[in-house]
Amino acid sequence: MIKNITLKSGTTPESEPLSIDLTPVTVFVGPNNSGKSKILSEIIEFCQSGIKKTNTVVLDTIEFENLENDTAIKLLENITLKPKRNENVRENHILIGKDNLRYQVKSTQMLQTLETPNSNTNHFCQFYLRAYTTFLGGSNRINLVRQQQAGNMQEPPHSSFQTLFRDDKKSKEVRRSIHDAFGVYFTLDPTNLGHLQIKLSSVEPKNDLEERGIHKEAVDFHSSSEPVETASDGVKAFTGMITEIIAGDPKVLIIDEPEAFLHPSLSHKLGKEIATAAENTNKRIFVSTHSSNFIMGCIQSGVPINIVRLTYKNKVATARVLPNDDILKLMRDPLLRSTGVLEGLFYENVMVTEGDTDRAFYQEINERLLQFKPRWGISNCLFLNAQNKQTIRRIIKPLRELGIPAAGITDIDVLKEGGQVWANHMKSGFIPTASHTSLAEQRRTIKQKFDESGKDMKRDGGVAILNADDKESANNLFDSLDQYGLFVVRNGEVETWLKSLKIGGHGAEWLIPIFEKMGSNPNGQKYLKPKTTDVWKFVKTMKEWFDNPNRKGIPS
């Protein structure tokens with residue numbers, strides 16, 4: 001019944017707060033400490049109290065859907081409880097609630113509240129939605145599979161087990177899901193009279209009576225099955241969430257890190273099952289995740305979902321809805337899929353290099369900066385490698401379109417690439433089109449100067465080859481690219497860093513010896529610690545771009 005939610009931040013620090021029209025499933029992603037778990041707790045608190053608080057961090061408010069009179073009357077009938085023995089109900093009042101939450105409210109007032117919940121969110125949430133809001137964390141979703149009371153078959157079911165024991169359609173849906181995941185059959189064992197226990201069987205029950213009966217054949221069948229309590233935490237967590245989603249009755253379901261305990265393939269399946277189960281229902285499921293597999297499962301279900309990326313850096317918060325189609329493109333492109341580009345959703349920053357040697361080297365330099373000179377290091381940064389400088393753009397452009405700061409590092413010979421290749425490089429950094437012509441002319445002129453020198457710009461010193469005027473022109477061009485997160489190794493290529501260590505070679509022939517020369521023991525005398533020049537200063541320049549909340553090159 002939630003129509004939309006409004007957050008306190010927008011896509012940029014200057015943007016209007018983000019308002020999200022809800023789909024059945026909303027998934028929150030982002031780096032650590034970005035507010036993913038916080039917004040879940042704030043949604044729960046609002047759904048339980050209906051009070052808009054000023055001290056919330058991520059969530060501003062929630063708007064509910066109005067109900068037509070006949071729909072509201074039907075809902076009121078469904079949530080009205082029968083009085084217990086000796087329980088007195090006041091005139092014109094009804095009993096509503098669930099489990100230990102049991103209230104007496106005026107029927108006319110409750111009907112009006114259901115019809116127009118936004119006119120009295122406190123009453124709507126406290127007396128209705130609170131009882132139908134469920135949180136599934138790491139431990140309690142495992143506890144969902146514990147043995148439950150069978151209940152009185154003459155009364156409506158009060159738990160997911162009781163529902164599954166009576167509802168053939170939902171029971172078969174859970175059984176299908178568990179069998180697809182683990183190759184065993186989900187059953188409910190009633191032979192411990194008065195209780196229901198989940199069993200996992202290697203064979204499917206022959207009929208409903210064999211599963212639900214208490215005669216000898218049923219007892220023998222369940223005796224040969226394994227209690228779910230003996231299974232792994234992953235099996236228990238998956239089974240618990242599936243049973244609650246399919247057979248439970250929450251209107252708002254909150255799940256924090258559903259991928260916990262699960263293998264990546266199971267995370268993918270769970271995402272697909274959750275989205276599919278929520279389709280065509282009035283449930284609202286909110287999820288916080290660090291799993292790209294879970295996200296892809298949700299998207300590939302075909303069910304409309306919202307993916308919201310939250311960030312919080314240097315006391316600046318942002319929130320952005322990510323288009324499903326754009327994320328799907330990341331996973332359908334073999335190059336992007338092979339580089340693990342979707343993991344960028346869970347980092348503050350992404351750095352993309354030409355190859356694996358570059359990636360390994362810059363990542364190690366950054367790690368040492370974070371340890372010994374943290375003000376120069378790039379925190380929470382994912383390092384990815386392309387196949388060459390031309391494919392860097394194919395990685396950083398779609399990430400930036402999702403609002404993720406993604407920078408590229410190229411060797412200086414990027415200047416050799418003119419025409420459309422250079423234009424594509426500019427476009428990947430979202431450099432304004434009006435600037436392309438002047439930058440292209442600068443590139444052409446500087447390349448000509450390098451050609452006239454008769455030296456190799458990569459191997460013979462980079463900009464140091466040029467005379468003073470031409471060197472200044474080259475640095476001006478590179479300064480312009482720096483502003484858009486397109487960084488060029490001005491002294492040539494990655495192998496030209498740390499020349500004082502006197503390591504020759506190229507690629508792995510250079511990387512392995514230089515790592516050995518740099519040392520591996522931070523407490524050792526030969527361990528290379530950060531300086532204020534060379535590659536250390538280069539990484540600091542990149543950090544300045546990442547840390548700038550008004551950085552250029554990220555489309556709003």
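We number each residue from 1, following the sequence as shown.
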Testing the 3.5 Å rule here: is there a donor-acceptor pair between the side chains of [X] and [Y]?
{"X": "Thr391", "Y": "Asn388", "answer": "yes"}
{"X": "Gln363", "Y": "Glu367", "answer": "no"}
{"X": "Thr61", "Y": "Thr6", "answer": "no"}
{"X": "Glu544", "Y": "Asn548", "answer": "no"}

Do any N or O atoms from the side chain of [X] and from the backbone of [Y] form a donor-acceptor pair under 3.5 angstrom?
{"X": "Thr56", "Y": "Val58", "answer": "no"}
{"X": "Glu401", "Y": "Asp326", "answer": "no"}
{"X": "His425", "Y": "Arg393", "answer": "no"}
{"X": "Thr276", "Y": "Glu273", "answer": "no"}
{"X": "Arg141", "Y": "Gly137", "answer": "yes"}
{"X": "Glu259", "Y": "His290", "answer": "yes"}
{"X": "Lys36", "Y": "Val29", "answer": "no"}
{"X": "Arg394", "Y": "Leu336", "answer": "no"}
{"X": "Asp333", "Y": "Lys329", "answer": "no"}
{"X": "Arg400", "Y": "Pro555", "answer": "no"}

Intermediate values then yes/no, side-chain hydrogen bond (donor to acceptor under 3.5 Å, both in side chains), Asn424 and Gln420: CA-CA 6 Å; Asn424 288 338; Gln420 192 59 47; 2.9 Å; yes

Are more than 12 heavy atoms, taken from residues, nucleotides or ligands other than [X], located less than 6.0 Å from that residue's [atom1] atom?
{"X": "Glu14", "atom1": "CD", "result": "yes"}
{"X": "Leu335", "atom1": "CG", "result": "yes"}
{"X": "Lys531", "atom1": "NZ", "result": "yes"}
{"X": "Lys517", "atom1": "NZ", "result": "yes"}
{"X": "Lys272", "atom1": "NZ", "result": "no"}
{"X": "Lys8", "atom1": "NZ", "result": "yes"}
{"X": "Glu472", "atom1": "CD", "result": "no"}
{"X": "Lys455", "atom1": "NZ", "result": "no"}

From [X] atom [atom1] to [Y] atom [atom2], the distance as rounded to the nearest 0.5 Å:
{"X": "Ser379", "Y": "Leu369", "atom1": "OG", "atom2": "CG", "result": "12.0 Å"}
{"X": "Ile20", "Y": "Asn4", "atom1": "CD1", "atom2": "CG", "result": "9.0 Å"}
{"X": "Lys529", "Y": "Met518", "atom1": "NZ", "atom2": "CE", "result": "13.0 Å"}
{"X": "Asp21", "Y": "Thr26", "atom1": "CG", "atom2": "OG1", "result": "10.0 Å"}
{"X": "Thr239", "Y": "Ile142", "atom1": "OG1", "atom2": "CD1", "result": "10.5 Å"}
{"X": "Arg309", "Y": "Ser34", "atom1": "CZ", "atom2": "OG", "result": "8.0 Å"}

Stacked cation flag Arg368 on Tyr527, 6.0 angstrom / 45 deg: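 Yes - Arg368 lies over the ring of Tyr527, closer than 6.0 Å to its centre and within 45° of its axis.
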
Worked verdict on Ile2 versus Cys47 for side-chain contact (heavy atoms from CB on, under 4.5 Å): CA-CA 9 Å; Ile2 299 179; Cys47 290; 4.0 Å; yes

Which heavy atom in [X] sits nearest to a heavy atom in [Y], and how many Å separate them?
{"X": "Phe46", "Y": "Ile51", "result": "CD1-O, 3.7 Å"}
{"X": "Lys458", "Y": "Thr496", "result": "O-CG2, 3.6 Å"}
{"X": "Pro405", "Y": "Ile554", "result": "CA-CD1, 3.8 Å"}
{"X": "Leu330", "Y": "Pro398", "result": "CD2-CB, 3.3 Å"}
{"X": "Phe546", "Y": "Lys313", "result": "O-NZ, 3.6 Å"}
{"X": "Cys298", "Y": "Ala275", "result": "O-CB, 4.1 Å"}

Taking the side chain as every heavy atom from C-beta outward, state whether [X] and [Y] have any atom pair closer than 4.5 Å.
{"X": "Ile465", "Y": "Lys449", "answer": "no"}
{"X": "Tyr312", "Y": "Val57", "answer": "no"}
{"X": "Leu266", "Y": "Phe261", "answer": "no"}
{"X": "Pro530", "Y": "Trp376", "answer": "no"}
{"X": "Leu486", "Y": "Val414", "answer": "no"}
{"X": "Pro432", "Y": "Tyr484", "answer": "yes"}
{"X": "Ile274", "Y": "Ile255", "answer": "yes"}
{"X": "Met296", "Y": "Ile327", "answer": "yes"}

side-chain contact (heavy atoms from CB on, under 4.5 Å) between Ile409 and Met542, worked out: CA-CA 9 Å; Ile409 305 176; Met542 293 184 279; 3.6 Å; yes

Parallel, tilted or perpendicular: rings of Phe487 and Trp545 (30°, 60°):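 Trp545 and Phe487: perpendicular rings.
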
Ring geometry between Phe182 and Phe238 (parallel below 30°, tilted from 30 to 60°, perpendicular above 60°): perpendicular

Worked verdict on Leu439 versus Ser480 for side-chain contact (heavy atoms from CB on, under 4.5 Å): CA-CA 9 Å; Leu439 291 174; Ser480 297; 4.1 Å; yes

Lys/Arg N to Asp/Glu carboxylate O, Glu354 vs Lys389, below 4.0 Å: yes

Candidate pair Asp482 and Arg490, rule salt bridge (Lys or Arg N to Asp or Glu O under 4.0 Å), full reasoning: CA-CA 11 Å; Asp482 286 355; Arg490 304 186 190 198; 2.7 Å; yes

Test log, rule salt bridge (Lys or Arg N to Asp or Glu O under 4.0 Å), inputs Asp413 and Arg459: CA-CA 10 Å; Asp413 62 348; Arg459 307 291 174 83; over 6 Å; no

Derivation of the side-chain contact (heavy atoms from CB on, under 4.5 Å) call for Asp256 and Ile254: CA-CA 7 Å; Asp256 193 14; Ile254 313 289; 6.0 Å; no

